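Nothing fancy with the numbering, it's 1 onward along the sequence. Worth saying up front: this structure is predicted, and the values here are computed from it rather than measured. Side-chain atoms are counted along with the backbone in the values below, which use heavy atoms only and exclude waters and symmetry mates. Read the numbers this way: they start at 1 and go in the same order the structure lists the ligands and their atoms.
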Amino acid sequence: MSLSFSSSALVVLKKRYLKKDKNGRVIESPEKMLQRVADSVARADKDFDGTADIKALAAQFYDLMSKGWFIPNSPTLMNAGRRLGQLSACFVLPVEDSIESIFDSLKHTAMIHKSGGGTGFSFSRVRPANDKVLSTAGVSSGPISFMAVFDAATETVKQGGTRRGANMAILRVDHPDIEEFIACKDDPGFLQNFNISVGLTQEFMEALEKGGDYELVNPRTRNSVKTLNAPKIFDMIVNSAWQSGEPGIIFLDRINEANPTPALGEIEATNPCGEQPLLPYESCNLGSINLGKMAEGGTLDKNRLKAVIRTAVHFLDNVVEINKYPLKEIKEQTLATRKVGLGVMGFADLLIKLGVPYDSEEAVALAHDIMSLISEESKKASAQLGEARGNFPAYAGSIYDRPETPYMRNATTTTLAPTGSISIIANASSGIEPIFAVAYTRRVLDGEKLHEFHPLFEEMAKEQGFFTEDLAKNIALEGSIQEMTNIPKEVRRLFKTSHDISPDWHVRIQAAFQKYTDNAVSKTVNFPHTATREDVEKVFKLARETGCKGVTIYRDGSRDHQVLSVASRS
Ligand code: ADP
């Protein structure tokens, strides 16, 4: 059965994905869009094998996408087979400690945003505010003031008329401006086009455990300039996150332990939503398998899943090949590692279909099962491609450079994206998040609103005979059905929303997926408005203990505007 696009999907597709003529009239159907993407991505096979059956491969790609089993990231859908041809969602750009470098990066950021990509930066190399500027004998303005420049540029450059850019700023916890950074988004109007995360180091985590001090280092001189109390800074992070949802935290030590190409340098930053750690100038294209479609008759069809994984890796590697990179440096760095990020959406839908509550040991076990399978199969697929097409050029010196893994086409194969837009297109629950609501209002672009039921709930309600128009209205208003005693208990247990799930379970599911993910996991740990700072602190610590690479929290009602809220459910 092919994907029947929901009304929300059609609104999103028409606004941003489908080809338009000069007058802004849509001149492409969703099916034609998928055909355009399938044809252009399949064509890459010709580079390796003159006799390749491109038509058959395109049909296979089309089949996966039209069934809603696998969807690549938005830029691939928007730009494949078109003049722009930029297909990646994730970029990291370097920001060195010079005006030239900072403004080069600003220009490159604008170019990436125009093409639909999101950008992440580490500002850790920029000298602190009020430090010396030798050439002018003046004082520097510091990372936060430069972030404001990037923010203003982002505000101005609408992405090819489609979506406004998104950025991630990371500052190491040992940068002298860290206190100002932690609090910089307490003012809700400031840096609206940025997500921010504090880069925690091993030294900091050790000091935190001991309740002691750690050193701040000026990146220009490399001198230690003062010491701060680690628990005090941690409290500041917790407090700001509790107040505004930001900053998030990322564990730089852990990210670098998993760096597949340490010889190419240290990883200092991630893309905007945090799921893709990258080297400077590296980009990555993502794609997600819709797990809700991997179940048949109440059981997970592992053979189907395996087949989809293999085709998806082939697809993503072809995207690396045909991608039109916005800059020479990005092309070089990306082609050296050929990172791709296969992940999932519809995990919550799958759980409902299998009758498994999200906040249960069974769900955690399933997360392990599914992600270990995706990891294993995607690596096998990448190894096969490596044998046929050649290894990624930075293979020598990489973690795969050993006799057991002679072939590897991609330095990473797995990433868990938020799937903000593509989950709407596929009518799936986003990423690995619990369902957002049983009935909801979607704010899709420019404030347009759409009301919808969770399709599986509607089905169940009709089957079990408790579906009424009134109930529908109430659910849309309430969001949660946990207190609605007229709905059977088992149904309520299955349809817990993000807010009904306790923060611990959010983290445990994230950690289960992270364990088998090369890159990172995009996940928001939701708290009720009444949550305390201690609750937030506990989750930060739990994320560390359970092996997460970072964590982002959101306390209900603490922020009206989110960077990526345009396309997400509200
Ligand atoms: P999609 O569903 O559109 O494919 P995701 O919500 O999964 O995208 O986000 C994946 C990545 O795409 C983000 O981490 C970010 O790098 C990029 N991205 C998402 N939304 C935007 C945006 N509005 N502008 C720029 N980049 C974005």
Check: Using a distance-only test with no angle check, is there a side-chain donor-acceptor pair under 3.5 angstrom linking T413 and N410?
Finding: no
Check: Going by atom types alone, do S101 and E96 pair a side-chain donor with an acceptor below 3.5 Å?
Finding: no
Next item on the list: Number the atoms of ligand 1 from 1 as they appear, then name those within less than 4.0 Å of a heavy atom of N271, with their elements.
Entry: 13 (C), 14 (O), 16 (O)
Checklist line | salt bridge (Lys or Arg N to Asp or Glu O under 4.0 Å) between E268 and R172, worked out | finding: CA-CA 9 Å; E268 300 173 36; R172 283 172 67 100; over 6 Å; no
Notebook entry, point to check: Considering distance alone, does some N or O of C90 sit under 3.5 Å from an N or O of ligand 1?
Noted result: no
Check: When you measure from the side chain of S40 to the backbone N and O of A80, does any donor-acceptor pair fall under 3.5 Å?
Finding: no
Margin query: Which of the numbered atoms in ligand 1 are under 4.0 angstrom from any heavy atom belonging to S74?
Written below: 1 (P), 3 (O), 4 (O)
Notebook entry, point to check: Considering only heavy atoms of E275, which atoms of ligand 1 have at least one such atom less than 4.0 Å away?
Noted result: 10 (C), 11 (C), 13 (C), 14 (O)
Checklist line | Contacting atoms of ligand 1, where contact means under 4.0 angstrom from a heavy atom of G117 | finding: 25 (C), 26 (N)
Margin query: I need the atoms of ligand 1 closer than 4.0 Å to a non-hydrogen atom of N73, numbered in the order shown.
Written below: 4 (O)
Next item on the list: Indicate whether the side chain of S74 and that of Y17 have a donor and an acceptor atom separated by less than 3.5 Å.
Entry: yes
Margin query: Does this structure show an ion pair linking K379 with D518, if we count only N-O contacts that are shorter than 4.0 Å?
Written below: yes
Checklist line | Atoms in ligand 1 with a heavy atom of C273 nearer than 4.0 Å | finding: 13 (C), 14 (O)
Next item on the list: Please work out whether any backbone atom (N, CA, C, O) or any side-chain heavy atom from C-beta onward of H113 is under 4.0 Å from ligand 1, and answer side chain, backbone, both or neither.
Entry: neither
Item checked: No-hydrogen, no-angle side-chain donor-acceptor test under 3.5 Å, N519 and T415 -> yes
Check: For ligand 1, which atoms sit closer than 4.0 Å to a heavy atom of G165?
Finding: 24 (N)
Checklist line | R409 NZ/CZ over F392 ring centroid, <6.0 Å and within 45° of normal | finding: no
Margin query: Need the ligand 1 atom indices (1-based, order shown) with element for anything under 4.0 Å from a heavy-atom of A417.
Written below: 7 (O)
Check: What part of I422, side chain, backbone, both or neither, has a heavy atom within less than 4.0 angstrom of ligand 1?
Finding: both
